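These notes concern the structure reproduced below.
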Amino acid sequence: MINVLKLDRKDFADYADFCFKTFGDRVKNWMTFNEPRVVAALGYDNGFFAPGRCSKEYGNCSAGNSGTEPYTVAHNLILSHAAAAQRYREKYQVILIF
């Protein structure tokens, strides 16, 4: 599992680049993250989903801070998505001119 609290956007863009290069001939539509709000809210605010991080008063979690971590996670997901999308546009997107 990726530690979204410490997700580096360049590393994620490099990973996405590898996927674009390796699977690009078989994939029509790309998606970077599935339901990022759910990852941030349910994984880092109330701890219902993996990795199960939250403040003690919000759930039965062994670690986490529900006041800051969901925002940090959402921020890192957005920046990582933007880096991957930019990499795709620069190297792989075909521009059709009519």
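Values in this document were obtained by computation on a predicted structure and should not be read as measured data.
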Check residues 56-65 and write down every donor-acceptor pair under 3.5 Å in which the side-chain atom is one partner and the other belongs to a residue at least two apart or another chain.
residue	atom	partner	partner atom	Å
Lys56	NZ	Cys61	O	3.2
Asn65	OD1	Gly67	N	2.9

Which atom pairs, one a donor and one an acceptor, fall under 3.5 Å between side chains of residues 14-23 and the rest of the protein, sequence neighbours left out?
residue	atom	partner	partner atom	Å
Asp14	OD1	Arg87	NH1	3.1
Asp14	OD1	Arg87	NH2	3.0
Asp14	OD2	Lys10	NZ	2.9
Asp17	OD1	Tyr92	OH	2.5
Asp17	OD2	Arg87	NH1	3.1
Asp17	OD2	Lys91	NZ	2.9
Thr22	OG1	Phe18	O	2.7

- Which other residues belong to the hydrophobic cluster containing Val38, where Ile, Leu, Val, Met, Phe, Trp and Tyr are joined when side-chain heavy atoms lie under 4.5 Å apart, directly or via other members?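 Same cluster as Val38: Leu42, Phe48, Phe49.
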- Can you check side chain to side chain contact (heavy atoms under 4.5 Å, CB included) on Thr32 and Phe12, steps first, answer last? CA-CA 9 Å; Thr32 54; Phe12 186 77; 4.2 Å; yes
- Query: Under the side-chain hydrogen bond (donor to acceptor under 3.5 Å, both in side chains) test, which residues partner Ser55, sequence neighbours left out?
  - Reply: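 For Ser55, no residue satisfies side-chain hydrogen bond (donor to acceptor under 3.5 Å, both in side chains) once neighbours in sequence are set aside.
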- Message: Just to verify, what does Glu90 make a side-chain hydrogen bond (donor to acceptor under 3.5 Å, both in side chains) with, not counting sequence neighbours?
- Response: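 Partners of Glu90 by the side-chain hydrogen bond (donor to acceptor under 3.5 Å, both in side chains) criterion, ordered by chain and then number, come out as Gln86.
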Closest non-hydrogen atom pair, [X] against [Y]:
X     : Y     : answer
Gly43 : Pro51 : O-CD, 3.7 Å
Asn34 : Val39 : O-CG2, 4.1 Å
Gly24 : Trp30 : CA-CZ2, 3.9 Å

- Query: Could you give all pairs that pass the salt bridge (charged side-chain N to carboxylate O under 4.0 Å, His left out) test and reach residues 28-45, with sequence neighbours left out?
  - Reply: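 Salt bridge (charged side-chain N to carboxylate O under 4.0 Å, His left out) check on residues 28-45 returns no pairs.
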- Kindly compute the distance separating OH (Tyr44) from OG1 (Thr68), expressed to the nearest 0.5 Å.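 Reported to 0.5 Å precision, the distance equals 12.0 Å.
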